[in-house]
There are 2 protein chains.
Amino acid sequence: MTLTNMNSQVVKYYDPNDYDRPSVTVDILIFAIDDGQLKVLLVKRKEAPFLGEWALPGGFVKINEDLETAAIRELKEETGVKDVYLEQLKSFGDPSRDPRMRVITVAYIALIPSSAIPLQASTDALEVKWFAVASTPKLAFDHHEIIDAGLDRLRGKVRYTNIVFALMPPTFPLSQLQETYEIILDHQLDKRNFRKKMLSLDILEPTDQQVTGAHRPSLLYRFKKRDLVIFD
Amino acid sequence: MTLTNMNSQVVKYYDPNDYDRPSVTVDILIFAIDDGQLKVLLVKRKEAPFLGEWALPGGFVKINEDLETAAIRELKEETGVKDVYLEQLKSFGDPSRDPRMRVITVAYIALIPSSAIPLQASTDALEVKWFAVASTPKLAFDHHEIIDAGLDRLRGKVRYTNIVFALMPPTFPLSQLQETYEIILDHQLDKRNFRKKMLSLDILEPTDQQVTGAHRPSLLYRFKKRDLVIFD
DNA sequence: TGAATAGTGTCTTTCAGACAATATGCC
DNA sequence: GGCATATTGTCTGAAAGACACTATTCA
């Protein structure tokens with residue numbers, strides 16, 4: 001498409017109608033620690049394609065809506081949760097990932113504190129369920145691939161950031177923090193070395209509260225800042 | 001939109017026409033080391049908006065084209081280069097990032113070996129130029145933001161991967177490798193410590209060739225594998 | 001007092017970082 | 001011989017990792 005502007009120069013304009021446009025969605029990987037496992041929230045699809053199969057929560061990006069805003073909206077609509085850690089993961093655009101039409105999806109990771117897990121969620125009459133990431137059912141679209149990419153990101157970032165803050169309740173004993181690391185990294189850590197390291201990072205502060213039980217009470221800690229900090 | 005299927009169930013279908021769809025582009029950050037600086041390739045726009053301003057090379061994703069395929073195609077079309085390291089960076093979708101219409105862009109990083117820098121590029125009669133990342137001109141769209149995100153990614157990944165392989169020629173003296181790290185990290189490194197570290201990583205192998213000049217000859221090395229390796 | 005978990009310190013090894021002298025080739 | 005760059009090793013301090021016992025509460 002070309003036009004001539006006021007200075008009589010020929011100018012190429014692009015026009016949305018010159019091109020077929022894909023649909024764009026956001027999909028959200030909502031992770032939480034529960035029952036000693038890393039879990040991901042899935043919804044049962046009520047539409048074709050993949051009707052009746054489990055899938056990541058998500059939906060179309062509105063035409064005047066920012067990507068992150070769309071992710072926040074979907075998160076709220078489908079699960080009722082808000083004010084969580086949200087980070088863009090990656091976009092997936094294989095032309096055949098949706099059998100009916102071209103859909104490009106921007107995947108986000110959301111992390112929810114254990115204390116905030118809604119058992120069954122939301123305003124909608126949607127079937128929503130937590131699954132251990134190690135044993136998810138067959139999933140719609142390329143959502144397995146998205147989960148794998150999200151796990152890689154999470155496991156990588158745990159090593160050089162304080163990202164676990166977003167998975168922890170406001171206060172917690174150090175043993176619970178260690179357990180969170182162990183679940184994500186999928187290996188055991190030495191208690192003494194873990195405590196030494198964590199306390200040396202200067203990202204935690206003790207509260208004046210304790211947890212009691214049939215054993216020695218444990219001191220509760222909290223994160224000094226609940227924002228992402230990159231170490232080094 | 002609802003239909004009734006063969007089992008008389010009411011089924012919701014989505015239809016692309018139920019929604020306004022954004023346009024989707026790919027933009028490519030092409031980095032190379034040249035003249036002791038990290039440079040990025042920019043093109044002068046020949047279309048509105050931002051006609052005449054410098055921008056990242058990129059263009060629309062075709063309706064049946066994978067995102068990475070689109071990035072490879074644009075890379076080739078606009079610069080003539082191919083067979084380079086390519087990694088998805090991030091998607092940018094602020095509704096006002098393009099003043100005329102909704103355009104979501106998926107940004108990619110491409111890394112080119114110094115030896116492969118095309119001085120002026122391409123089949124097209126496009127104006128294309130390398131700029132030091134430290135002194136880019138005013139850019140179209142949100143391309144400054146994309147460059148900043150790309151620099152963060154590159155500087156981060158240099159620390160825990162062998163990603164610099166993609167910026168190096170097939171063989172090189174260790175001093176050139178060190179210079180590449182220094183340019184990216186923007187600080188000087190100790191020669192002895194650098195060599196000790198690099199050689200201990202087991203990612204390099206010596207060739208039987210030397211570089212000569214008005215000084216002691218230096219041994220040429222090459223990367224054992226020209227694929228991304230994550231350390232640890 | 002037994003069960004359960006919290007809390008603590010030392011030693012060893014590894015790695016990062018500071019630091020300077022010799023080697024080689026070309027002119 | 002003089003210049004330019006390549007190449008090499010030691011020491012120190014910090015951090016990671018292995019490792020085991022005592023402390024506290026509750027039933």
Side-chain angles (χ1 to χ4, degrees), chain A residues 33 35-36 114 155-156 158-162 164 168-169 171-222 229-232, chain B residues 33 35-36 114 155-156 158-162 164 168-169 171-222 229-232:
Chain A
I33 302 283
D35 190 28
S114 319
R155 290 185 177 129
V158 153
R159 297 174 175 278
Y160 65 96
T161 73
N162 66 344
V164 290
M168 301 300 293
T171 65
F172 47 84
L174 284 182
S175 56
Q176 188 185 346
L177 185 63
Q178 179 175 342
E179 193 196 6
T180 300
Y181 274 88
E182 289 175 339
I183 291 165
I184 294 171
L185 296 173
D186 195 31
H187 66 255
Q188 302 294 109
L189 300 171
D190 179 84
K191 190 176 17 170
R192 284 160 295 184
N193 293 337
F194 178 81
R195 298 166 81 94
K196 194 190 343 178
K197 175 68 177 169
M198 273 299 141
L199 296 174
S200 76
L201 287 174
D202 195 39
I203 58 174
L204 298 176
E205 60 187 7
T207 68
D208 54 6
Q209 308 226 309
Q210 294 183 324
V211 172
T212 58
H215 50 78
R216 177 168 174 178
S218 54
L219 191 54
L220 289 172
Y221 286 81
R222 85 178 121 242
V229 176
I230 297 172
F231 304 146
D232 266 358
Chain B
I33 302 283
D35 190 28
S114 319
R155 290 184 177 131
V158 153
R159 297 175 175 278
Y160 64 94
T161 74
N162 66 343
V164 289
M168 301 299 294
T171 66
F172 47 84
L174 283 181
S175 56
Q176 188 185 346
L177 185 63
Q178 179 175 344
E179 193 195 7
T180 300
Y181 274 88
E182 289 176 338
I183 291 165
I184 294 171
L185 295 172
D186 196 30
H187 67 256
Q188 301 294 108
L189 300 170
D190 179 85
K191 194 177 5 174
R192 284 160 293 184
N193 294 336
F194 178 81
R195 299 167 79 95
K196 193 186 351 172
K197 177 67 178 169
M198 273 300 141
L199 295 174
S200 77
L201 287 174
D202 194 37
I203 57 175
L204 298 177
E205 58 186 10
T207 68
D208 54 5
Q209 309 225 309
Q210 294 184 324
V211 171
T212 56
H215 51 77
R216 177 171 173 176
S218 55
L219 191 54
L220 289 172
Y221 286 81
R222 85 179 120 242
V229 176
I230 298 172
F231 304 146
D232 268 358

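We name chains A, B, ... by the order of the sequence lines, and we start the count at 1 in each one.
Rounding to the nearest 0.5 Å gives a distance of 12.0 Å between NZ of A/Lys197 and CG of A/Leu189. One finds the CG atom of B/Asn162 at 5.0 Å from the CD1 atom of B/Ile203 (value rounded to the nearest 0.5 Å). Between the CG atom of B/Leu219 and the OG1 atom of B/Thr171 there is a distance of 10.0 Å, given to the nearest 0.5 Å. To the nearest 0.5 Å, atom CD1 of residue B/Ile33 and atom CD1 of residue B/Ile183 are 4.5 Å apart.
Contacts of A/Gln178 classified as side chain to side chain donor-acceptor pair (under 3.5 Å), with partners at least two apart in sequence or in another chain: A/Glu182. Residues meeting the ring pair (Phe, Tyr, Trp, His ring centres under 6.0 Å) test with B/Phe172, sequence neighbours left out: B/Phe223. For A/Arg216, there are no side-chain contact (heavy atoms from CB on, under 4.5 Å) partners at least two apart in sequence or on another chain. Residues satisfying the ring pair (Phe, Tyr, Trp, His ring centres under 6.0 Å) criterion with A/Tyr221, sequence neighbours excluded, are absent altogether.
Within residues 187-198 of chain B, the residues that have a heavy atom under 4.0 Å from DNA chain C are, in order of number, B/Asp190, B/Arg192, B/Asn193, B/Lys196, B/Lys197. Residues of residues 209-222 of chain A that place a heavy atom closer than 4.0 Å to DNA chain C, in numerical order, are A/Ala214, A/His215, A/Arg216, A/Pro217, A/Ser218, A/Leu219.
Within the structure, the side-chain hydrogen bond (donor to acceptor under 3.5 Å, both in side chains) test picks out the following pairs touching residues 200-210 of chain B (sequence neighbours left out): B/Asp202-B/Lys224, B/Glu205-B/Arg222. Pairs engaging residues 183-219 of chain A under the ring pair (Phe, Tyr, Trp, His ring centres under 6.0 Å) rule: A/Tyr181-A/Phe194 [sequence neighbours left out]. The salt bridge (Lys or Arg N to Asp or Glu O under 4.0 Å) contacts involving residues 187-196 of chain A comprise A/Asp190-A/Arg192, where partners must be two or more places apart or lie in separate chains.
Interface limits on DNA chain C: the 5'-most and 3'-most nucleotides within less than 4.0 Å of chain B heavy atoms are C/dA16 to C/dC26. Counting 5' to 3', DNA chain D first comes under 4.0 angstrom of a heavy atom of chain A and last does so at the ends given by D/dA16 to D/dC26.
End-to-end axis angle for the helix from C/dT1-D/dA27 to C/dC27-D/dG1, using five pairs per end and rounding to 10°, comes out at 10°.
Looking at B/Thr212, B/Leu174, B/Val211 one by one, the single match for side-chain contact (heavy atoms from CB on, under 4.5 Å) with B/Ser218 turns out to be B/Val211.
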Begin with the C-alpha distance, continue with both residues' side-chain angles, and end with the deciding distance and a verdict on side-chain contact (heavy atoms from CB on, under 4.5 Å) for A/Leu204 and A/Leu177. CA-CA 11 Å; A/Leu204 298 176; A/Leu177 185 63; 3.9 Å; yes
Go through it in stages, so that I can follow the logic: the residues are B/Phe231 and B/Leu201, the test is side-chain contact (heavy atoms from CB on, under 4.5 Å), and I'd like the CA-CA distance, side-chain angles, deciding distance and then a yes or no. CA-CA 9 Å; B/Phe231 304 146; B/Leu201 287 174; 3.9 Å; yes
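Nucleic acid contact for B/Ser200: none, since no nucleic acid atom lies under 4.0 Å from a heavy atom of the residue.
Of all heavy-atom pairs between A/Ser114 and A/Gln176, the closest is OG-NE2, 4.3 Å.
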